[in-house]
Amino acid sequence: MVVLMIGEIDPVDVWFATLMAELKQGMPNVDLRVWPECGNPEDIDVALAWKPPLGILPKLPNLQLIISLGAGVEHILRDPDLPSQIPIARMVYPGQISQMVEYVTLAVLLFQRGFLDYQQLQKLRRWEYLPVPDTQSFTVGILGLGVMGSTVAKRLRAIGFPVRGWSRTPKAIVGIDCFHGSEQLELFLSKCRVLVCLLPLTPATEGILNLDTFSNLPQGGYLINVARGKHLVEADLLTALDSGQIRGACLDTFGTEPLPETHPFWPHPHIIVTPHISAPGIPSDVAAQIIDNIERCQTGRPLKNVVDLNRGY
Ligand code: NAP
Ligand code: GLV
């Protein structure tokens with residue numbers, strides 16, 4: 001079994017060492033290679049990919065399975081020459097979902113408890129009390145009610161926030177107000193004090209965080225984007241912050257990563273920037289998922305967490 005790690009895998013030596021140690025236990029004969037040192041392309045059975053360079057995966061003639069090292073798969077699907085018969089599996093495991101729950105909960109609480117304002121007041125050495133918004137009226141809206149979004153929704157509800165969610169198809173989740181489809185988007189947005197994006201990046205969701213969307217939120221809302229940078233129209237966020245329609249944003253992903261040094265988001269007093277770390281994953285858990293799916297592939301059992309190429313996620 002020859003497995004190729006390919007793409008922007010960082011730090012590659014840590015990932016290689018962890019994956020090698022874990023894979024060797026489950027598959028003693030595994031030969032783990034790192035692109036571009038892939039040897040004969042005909043050898044490669046499985047690719048472990050994170051933002052793979054375009055055109056390489058289609059040139060591996062005996063590839064049986066592509067596994068995304070993350071939850072998202074748009075970084076693989078963007079290759080126009082990808083053969084449609086090769087299954088693509090993605091990561092879904094509790095450790096990464098918990099990381100996302102922690103990050104989003106932290107960001108919601110920072111906004112609700114006024115930490116953006118207190119940071120400014122601290123700079124001015126001003127001891128000032130700000131009103132605490134009532135949790136029961138601080139509605140959080142989550143775009144995307146999949147593995148991540150639905151878990152985040154339930155945890156925020158358990159803390160006491162009213163939570164609503166929006167998905168492509170109808171959902172019923174106890175305690176959560178569920179909306180779906182473009183015809184219900186405006187209604188969904190109308191009560192969100194905080195809007196959290198946990199959608200996959202597809203042609204239908206690219207640019208969804210735009211001025212029109214922001215204008216449907218109650219004035220002075222907050223944005224948390226933990227999905228992909230291309231969901232956000234960056235200039236529209238700056239306009240909405242200038243007008244006060246959006247009061248603050250917590251951004252973990254960006255159209256260009258790393259975020260360029262000169263980017264206006266860096267110094268903005270109402271924007272929190274983190275370097276795509278909301279749910280960075282756990283290499284040993286990732287290895288367990290890889291082993292499971294490779295074994296399934298070898299024994300002809302159904303793969304887990306397979307991407308629907310028609311939906312794009
Ligand atoms: P998922 O399980 O595939 O769920 C996706 C959700 O989005 C589903 O509820 C789906 O609706 C909804 N959706 C898709 N297209 C839609 C559309 N056009 N209109 C309305 N709803 C739509 O994905 P996940 O595992 O929760 O992950 C979501 C995303 O989070 C990933 O794709 C990835 O980009 C991002 N992520 C980021 C990080 C990070 O570190 N920043 C870490 C992990 C994941 P249906 O349920 O109706 O299909
Ligand atoms: C991270 O961004 C992921 O998709 O897992």
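Both ligands and their constituent atoms are indexed starting at 1 by order of listing.
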Closest contact, heavy atoms only, I44 versus C38: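 Where I44 meets C38 most closely, the heavy atoms are CD1-O, 3.7 Å.
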Indicate, as side chain, backbone, both or neither, the part of I277 found under 4.0 angstrom from ligand 1 when only non-hydrogen atoms are considered.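 Contact part for I277 vs ligand 1: neither.
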Which part of M148 is near ligand 1, with near meaning a heavy atom under 4.0 Å away: side chain, backbone, both or neither? both
Candidates P275, S167, C197, S278; heavy atom nearest atom 40 (O) of ligand 1 found on S278
Judged on heavy-atom distance to atom 37 (C) of ligand 1, which of V226, I208, D308 sits nearest?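 Looking at heavy atoms only, V226 sits closest to atom 37 (C) of ligand 1.
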What protein heavy atom lies closest to [atom]? Include the residue and the distance to one decimal.
atom: atom 12 (C) of ligand 1; answer: L199 CD2, 3.9 Å
atom: atom 2 (O) of ligand 2; answer: H276 NE2, 2.6 Å
atom: atom 5 (O) of ligand 2; answer: A71 N, 2.7 Å

Check for me whether [X] has a heavy atom closer than 4.0 Å to any atom of ligand 1.
X: R90; result: yes
X: H180; result: no
X: T253; result: yes
X: G70; result: no
X: L201; result: no

With heavy-atom distances below 4.0 Å as the criterion, list the atoms of ligand 1 near A71. 43 (C), 44 (C)
Measure the acute angle between the ring planes of H263 and F265, then classify it against the limits of 30° and 60° as parallel, tilted or perpendicular.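 Tilted.
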Would a 4.5 Å heavy-atom cut-off, applied to side chains only, mark I271 and V273 as touching? yes
Just by distance, do the side chain of Q96 and the backbone of P280 share a donor-acceptor pair under 3.5 Å?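 No, the answer is negative, given that no donor and acceptor are paired below the 3.5 Å cut-off.
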Would you please indicate yes or no on a ring centroid separation below 6.0 angstrom for W50 and H75? yes
Please confirm whether R113 makes a cation-pi placement over F115, using NZ or CZ under 6.0 Å from the six-membered ring centre and within 45° of the ring normal. no
